[in-house]
Amino acid sequence: MPLLHILNKSPQQSAIWQTCLKLAQPEQGILLIEDGIYLAIINTEAANQLATLANHCNIYLLWPDVIARGVSERIMTEFTAIDYVGFVDLTVAYDKVQSWL
Amino acid sequence: MLTTVKKLLFIQAHAPYGQIAGRENLDLLLAAPTFEQLTSILFIEDGVWHLLADQNAAVIGLEVFTKAYAALPLYDVNPIYVEQVSLQQRGLTTDDLILPVTLVNMEELKQLIAQDFDHCLCL
């Protein structure tokens, strides 16, 4: 499998998510971790753009980070929830990892 | 001992857990009243995420330090301001927050920050 993008900052903290989305290609993965999970809060601009991208890319959420922040009821359920074991599996399954810090 | 009393506004503008700023700001905030300073707090932008219930940070190996906000009234920290558009943009209402707060808008905040406080601290 090709490239896995990782986003770890909230939309307010950094606009780098916009750069990542512009550069994402079909079949690639986008993994949201740490404060990056705030990109998947329902009814926000970032989540809507990610939902559109989900037609061609695989969007993942690191679920412990969602639970920690108490937002599991207001997060996009369309994206794939993974745990830490799943995180490792993804980095193995994808050929390359691009962390957008 | 004479203590100079100042009016301090602590500003939480960052999300909890992803950075240490939120935690450190809270530690600083809780120290101020012990030195008899008049302390208030403002939650704005990502800072409003601190006030959500049902946080379970143990799953990421951290403590839910944000529980301490419920004790702010006991520390004489008031008012507890929350900027209202920050809530709306995140799909939140005051019902989602762990303690009663005073909603403010940006116009009111300009006034507060410019005139009502001696120092504003935003880590």
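Protein chains get the first letters and strands the later ones, always in sequence-line order, with residue 1 at the start of each.
Put simply, of D46(B), T66(B), D96(B), the one with the most heavy-atom pairs under 4.5 Å next to chain A is D46(B). The choice from E34(A), Q13(A), K9(A) that makes the most heavy-atom pairs within less than 4.5 Å of chain B is Q13(A).
Using a 4.5 Å cut-off between heavy atoms, I67(A) contacts chain B through both its backbone and its side chain. Only the side chain of L52(B) comes within contact range of chain A, judged by heavy atoms closer than 4.5 Å. The contact between A13(B) and chain A is made entirely by backbone atoms, counting heavy-atom distances below 4.5 Å.
Without hydrogens or angle criteria, R74(A) side chain to G91(B) main chain gives a donor-acceptor distance under 3.5 Å. Listed for the Q12(A) side chain is no donor-acceptor partner under 3.5 Å among the backbone atoms of E45(B).
Separating the CG atom in D65(A) from the CG atom in L62(B) is a distance of 9.0 Å, to the nearest 0.5 Å.
Counting heavy-atom neighbours within 6.0 Å of Q88(B) CD, excluding the residue itself, gives a total above 12. No more than 12 heavy-atom neighbours from other residues, nucleotides or ligands sit within 6.0 angstrom of OH on Y75(B). The number of heavy atoms from other shown groups lying within 6.0 Å of OH (Y84(A)) is above 12. Heavy-atom contacts from other residues, nucleotides or ligands closer than 6.0 Å to CG of D89(A) number more than 12.
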Run the side-chain contact (heavy atoms from CB on, under 4.5 Å) check on D35(A) and W49(B) step by step: do they pass?
-> CA-CA 11 Å; D35(A) 284 346; W49(B) 290 121; over 6 Å; no

Worked check of side-chain contact (heavy atoms from CB on, under 4.5 Å) between I60(B) and R69(A) | CA-CA 10 Å; I60(B) 58 171; R69(A) 291 158 177 77; 4.0 Å; yes

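Of all non-hydrogen atoms in A57(B) and A68(A), the two that sit nearest each other are CA-CB, 3.7 Å.
Note on M106(B) and I41(B): separate hydrophobic clusters, where clusters join Ile, Leu, Val, Met, Phe, Trp and Tyr whose side-chain heavy atoms are under 4.5 Å apart, directly or indirectly. Criterion: ILVMFWY side-chain heavy atoms under 4.5 Å apart, direct or through other members. Under it, V97(A) and I33(A) are part of a common hydrophobic cluster. Hydrophobic clustering (ILVMFWY, side-chain heavy atoms < 4.5 Å, transitive): L42(B) and V48(B) are in distinct clusters. One hydrophobic cluster holds both F79(A) and L21(A) under the rule that ILVMFWY side chains link at heavy-atom gaps under 4.5 Å. The hydrophobic cluster containing L121(B) also contains L29(B), counting ILVMFWY residues as joined when their side-chain heavy atoms lie under 4.5 angstrom apart, directly or transitively.
When the heavy atoms of residues 14-21 of chain B are compared with those of chain A, the residues falling under 4.5 Å are A15(B), P16(B), Y17(B), G18(B), Q19(B), listed by number.
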